[in-house]
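Counting from 1, the numbers follow the sequence of the chain as shown.
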Amino acid sequence: MSKKTPKNKPKRASQRKTRPHQQPEPAQLRAIERLLEAKDFSKAIERAKQLVQRFPDHSGAWALLVEALRDGQGAQFAAVAASDWAERRPQSLVAQEHLLAHAMEGGYLLLADRVAEQVRALGGGQGLTHFPLSDEIKTTLYTAIDGTRVDGEAMVQFDRARLYMNGFAFSKALRYLEGLDLTSARNNQITCLFHLERIDEALALALESWRRDDENLYALGWIASLRLYQGDVDGASGLCTRLAMMTARRVDEALPQLIALLLLDQPEAAWEAYQRAVEAPWWEGIQELTTTIMTHLGACAAARSGELKQARRLWREIEQASPSFRLAVPNLLAATDAESLLPAALEMHNALPVGRLNALRAQAQAGQSKQAEQNLWGISASNAYLRALAINGDESLRQVVSLLLMHRLQQHDKAAAEVLRELVRLPIGTQNERFSVLKALRDAGQVGEDELVEFWDGDTLRALKLFEMEVHREPTDSGLPDALDDLLDEAHEHYNEYQFEACESKLQSILASFPNHPQTLLMLASIRHIARRRAEAEQLLRQIIEANPDYLLARCNLARALIMRGDLEAASDLLEGQRKQHRIHILDLIQLHGTLAMLESARGEDEVADSQLNLIESFIEDDHEADRLEEARRLVKRVKAKREGFFGRALRSLVRR
């Protein structure tokens with residue numbers, strides 16, 4: 001038998017290539033069906049996409065993908081898949097029927113009319129009573145905003161583009177829009193180019209569209225937003241007057257107008273523009289979702305203008321008419337008792353390029369965290385634009401913006417630092433998130449050691465003085481042998497039960513072996529203080545400090561005694577350098593900054609004293625810590641009353657009358 005050479009050796013069939021007659025195994029289809037039944041839509045979408053990629057002509061795979069997208073992401077994303085399927089299989093009745101259903105649901109009437117014709121040609125469509133469209137309806141749909149008649153084929157193409165745009169398939173949408181000599185087509189190209197991150201092209205096209213038609217608010221709104229995106233704040237702001245005075249001719253012009261005015265800090269103008277839109281003749285004819293979005297933007301403009309009653313009314317209308325609209329309920333709840341509000345106006349897909357966000361989401365789901373980070377850092381939006389999104393965005397958008405700004409801060413971007421300093425002054429996010437931003441600013445050298453920084457504490461704007469410390473809650477070691485450590489615990493129990501004689505007896509037993517043990521001496525000093533033997537208490541505190549110079553609690557207790565006595569210089573000397581510790585227990589932090597607050601209050605620096613107390617409050621996590629803070633507040637009030645003296649108290653009394 002002759003030996004075969006590699007050249008004439010039979011080739012094995014590739015397992016990856018799919019022949020036309022091949023189709024998925026029934027088990028593969030059933031697996032996706034089970035995922036749909038279990039409502040695991042993300043996995044169902046992923047599996048269905050893989051199946052369609054391998055078997056692009058199999059109707060069952062396509063139908064499952066359309067179903068998974070509809071249930072998992074929404075009808076507009078399912079419509080994109082249905083359109084791709086129908087384009088792939090023009091002679092498939094099932095594919096054309098799916099596209100027809102989605103075209104009708106989405107309001108793409110001319111596209112639906114064209115697809116209905118194909119469905120009938122393939123032997124279906126017996127129940128299609130609305131198609132073909134009447135000549136009267138077609139005449140209306142073929143008429144542009146300026147009254148001119150548009151070619152029917154162009155309008156069908158425009159409908160396809162709208163379908164893809166609404167499903168965020170902007171590359172495909174752009175393919176259908178290019179070459180259409182329609183104002184609406186050029187407007188939509190601007191949106192597509194933005195989401196594809198072709199920002200310069202989007203701005204150039206918006207400017208060209210505005211030159212053609214200086215009443216085109218769609219183009220003008222995008223010009224303002226795109227200039228802000230690029231960091232041209234003056235150029236964007238210069239358009240505010242024109243944006244504010246114009247009335248939209250239709251809803252697709254009103255949306256960019258309201259968004260641009262909100263981004264440019266012009267809520268009053270946005271509120272007036274919304275009110276004009278409601279009175280416009282086209283208002284009653286717009287789709288329910290569009291009405292909801294417009295009403296929501298109007299409510300956000302009203303809230304930011306101080307018209308909370310009007311904002312609440314509009315959000316209640318949305319809640320009743322469109323309960324699935326995500327942003328209305330949290331805004332309504334936030335506005336219930338608020339005197340002012342920065343509502344969540346925009347979602348991620350309204351504000352940042354969707355193409356990049358989709359890639360970022362896919363990388364995150366695939367566990368490619370490093371690639372996802374690099375993708376996020378690649379967003380080119382200016383700091384001014386990010387600031388506007390932080391003020392107007394929903395929680396998810398604000399988190400992305402915060403990550404971007406914090407990354408830029410680490411890259412020594414001073415403009416990003418200025419934006420972050422402003423944002424911590426606003427009721428955005430949680431108090432802990434705002435404090436984390438302050439700490440990042442301090443770590444980046446953007447906040448001085450003794451600088452007072454304004455900070456929104458949840459109720460009001462306060463001044464804080466930052467420090468560089470890691471706060472922990474780990475148990476502290478007494479440094480005693482186990483037997484004496486147990487004795488110290490028993491002494492603590494006696495102390496808390498006010499059994500001071502029993503407590504002191506155990507403390508003296510410990511001191512017999514460890515005469516300078518700081519915790520033991522501190523408890524004994526506290527007993528002496530309670531018994532009004534204050535000289536002895538101070539002597540014990542000095543003994544602790546002499547033997548244990550780093551024992552912070554003794555320094556704070558002695559400093560408090562000196563402050564109450566009026567010896568501020570000696571108290572200051574005791575606390576010198578203590579705030580520079582890099583790691584501190586939470587109870588030590590409360591003692592230290594409570595004492596510093598007393599010292600500042602005794603000097604007449606009430607604002608600085610408040611900043612110390614506010615700083616403590618930002619770390620409080622449980623009732624015990626809260627009690628210690630309240631004790632510090634009481635001591636500060638005592639110091640302030642002592643400073644003001646009799647005449648100050650009498651004056652306050654007169655004012656209260």
One pair to check against side chain to side chain contact (heavy atoms under 4.5 Å, CB included): L589 and I616. What are the steps and the verdict?
CA-CA 7 Å; L589 178 141; I616 297 172; 4.1 Å; yes
Chi angles and distances behind the side-chain hydrogen bond (donor to acceptor under 3.5 Å, both in side chains) call for Q539, R528:
CA-CA 10 Å; Q539 183 55 43; R528 295 287 184 268; over 6 Å; no
Run the numbers on R326 and E347 for salt bridge (charged side-chain N to carboxylate O under 4.0 Å, His left out), then give the verdict.
CA-CA 10 Å; R326 195 176 63 84; E347 295 181 278; 2.9 Å; yes
Does the pair S601 and R638 meet the rule for a side-chain hydrogen bond (donor to acceptor under 3.5 Å, both in side chains), with working shown?
CA-CA 10 Å; S601 183; R638 281 182 59 192; over 6 Å; no
I would like to know whether S572 and R603 meet side chain to side chain contact (heavy atoms under 4.5 Å, CB included); could you show each step before the answer?
CA-CA 11 Å; S572 181; R603 290 169 171 165; 3.3 Å; yes
Between I563 and L568, does the side chain to side chain contact (heavy atoms under 4.5 Å, CB included) criterion hold? Intermediate values first, please.
CA-CA 5 Å; I563 291 167; L568 304 187; 4.2 Å; yes
Before you tell me yes or no, could you show the steps for L423 and V437 under side chain to side chain contact (heavy atoms under 4.5 Å, CB included), namely the whole-Å CA-CA distance, both residues' side-chain angles and the distance that decides it to 0.1 Å?
CA-CA 9 Å; L423 295 180; V437 171; over 6 Å; no
Which is it for K49 and E46 under the salt bridge (charged side-chain N to carboxylate O under 4.0 Å, His left out) test, yes or no, and what are the steps along the way?
CA-CA 5 Å; K49 282 182 176 179; E46 180 185 355; over 6 Å; no
Apply salt bridge (charged side-chain N to carboxylate O under 4.0 Å, His left out) to the pair D40 and R34, showing each step before the final yes or no.
CA-CA 9 Å; D40 190 350; R34 285 195 295 271; over 6 Å; no
Could you walk me through whether R628 and E631 pass salt bridge (charged side-chain N to carboxylate O under 4.0 Å, His left out), step by step?
CA-CA 5 Å; R628 300 285 72 77; E631 180 186 341; 3.3 Å; yes
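A donor-acceptor pair is defined here as one N or O able to donate and one able to accept, closer than 3.5 Å; no such pair exists between the side chain of N548 and the backbone of D550. Of the possible donor and acceptor atoms, one in the side chain of E625 sits under 3.5 Å from a partner among the backbone N and O of E621. Judged by distance alone, with hydrogens and angles left aside, the side-chain atoms of H412 form no donor-acceptor pair with the main-chain N or O of A444 at under 3.5 Å. When atom types are taken as modelled, the side chain of T520 and the backbone of N516 share no donor-acceptor pair closer than 3.5 angstrom. Between the side chain of R398 and the main chain of I391, a donor-acceptor pair closer than 3.5 Å is present. Although no hydrogens or angles enter the test, the distance criterion places no donor-acceptor pair under 3.5 Å between the side chain of D71 and the main chain of L36. Without hydrogens or angle criteria, H195 side chain to V354 main chain gives a donor-acceptor distance under 3.5 Å.
Y385 and L228 make their closest contact through CB-O, 3.5 Å (heavy atoms, listed as atom of the first residue, atom of the second, distance). Nearest heavy atoms, V401 versus A390: CG1-CB, 4.0 Å. The heavy-atom pair separating R434 from G429 by the smallest distance is NH1-O, 2.9 Å. Minimum heavy-atom separation, I544 to Y551: CG2-CD2, 3.6 Å. Smallest separation of non-hydrogen atoms from G72 and I45: CA-CD1, 4.4 Å. Considering all non-hydrogen atoms of both residues, D588 and I584 come closest at CB-CG1, 3.6 Å.
In this structure, H585 and H472 have perpendicular ring planes: the angle between them is above 60°, well past the 30° mark.
Applying the 6.0 Å contact sphere to CG of D482 captures no more than 12 heavy atoms from other residues, nucleotides or ligands. Other residues, nucleotides and ligands place no more than 12 heavy atoms under 6.0 Å from the CD atom of E569. The environment of NE2 in H529 is sparse: at most 12 heavy-atom neighbours from other residues, nucleotides or ligands sit within 6.0 Å. Other residues, nucleotides and ligands place more than 12 heavy atoms under 6.0 Å from the CD atom of Q411. Taking a 6.0 Å sphere around CD of E501, one finds it holds 12 or fewer heavy atoms contributed by other residues, nucleotides or ligands. A 6.0 Å sphere centred on CD of E395 holds no more than 12 heavy atoms belonging to other residues, nucleotides or ligands. Summarising the local packing, CZ of R560 is surrounded by more than 12 heavy atoms from other residues, nucleotides or ligands at distances under 6.0 Å. Atom CD of E607 sits in a sparse spot, with 12 or fewer heavy atoms from other residues, nucleotides or ligands closer than 6.0 Å.
A side chain to side chain contact (heavy atoms under 4.5 Å, CB included) with H517 is found for exactly one of L507, L524, L480, namely L480.
Between D394 and L346, the closest side-chain pair of non-hydrogen atoms is not below 4.5 Å. Residues I545 and L574 are in side-chain contact: their nearest non-hydrogen atoms beyond the backbone lie under 4.5 Å apart. Looking at heavy atoms from C-beta onward, L484 lies out of side-chain contact with K506 at the 4.5 angstrom threshold. Inter-residue side-chain proximity for R633 and E617 is flagged as met; some heavy-atom pair is nearer than 4.5 Å. Q230 has its side chain out of reach of S382: every pair of non-hydrogen atoms, C-beta onward, lies at least 4.5 Å apart. Looking at W315 and P343, their side chains come closer than 4.5 Å, going by heavy atoms from C-beta outward. Under the 4.5 Å side-chain criterion, counting only non-hydrogen atoms from C-beta, R356 is in contact with N375. A 4.5 Å side-chain heavy-atom check between Y229 and P353 finds at least one atom pair inside the cut-off.
If you check the side chains of R312 and N331, you find no donor sitting under 3.5 Å from an acceptor.
How far CG of L553 is from CD1 of I590: 11.0 Å, rounded to the nearest 0.5 Å. Between R534 atom CZ and M564 atom CE the span is 9.0 Å, to the nearest 0.5 Å. A distance of 9.5 Å separates CG in L511 from CD in E504, rounded to the nearest 0.5 Å. Taking CZ from F41 and CD from Q73, the interatomic distance works out to 11.0 Å, rounded to the nearest 0.5 Å. D413 CG to L420 CG: the interatomic distance, rounded to the nearest 0.5 Å, is 9.5 Å. Atom CD1 of I530 sits about 4.0 Å away from atom CZ of F500, to the nearest 0.5 Å.
Between R555 and D573, no side-chain nitrogen of the basic residue sits less than 4.0 Å from a carboxylate oxygen of the acidic one, so the salt-bridge criterion is not met. Salt bridge absent: R421 and E454 never bring a charged side-chain N and a carboxylate O closer than 4.0 Å.
Ring-centre distance between H349 and F168: below the 6.0 Å cut-off.
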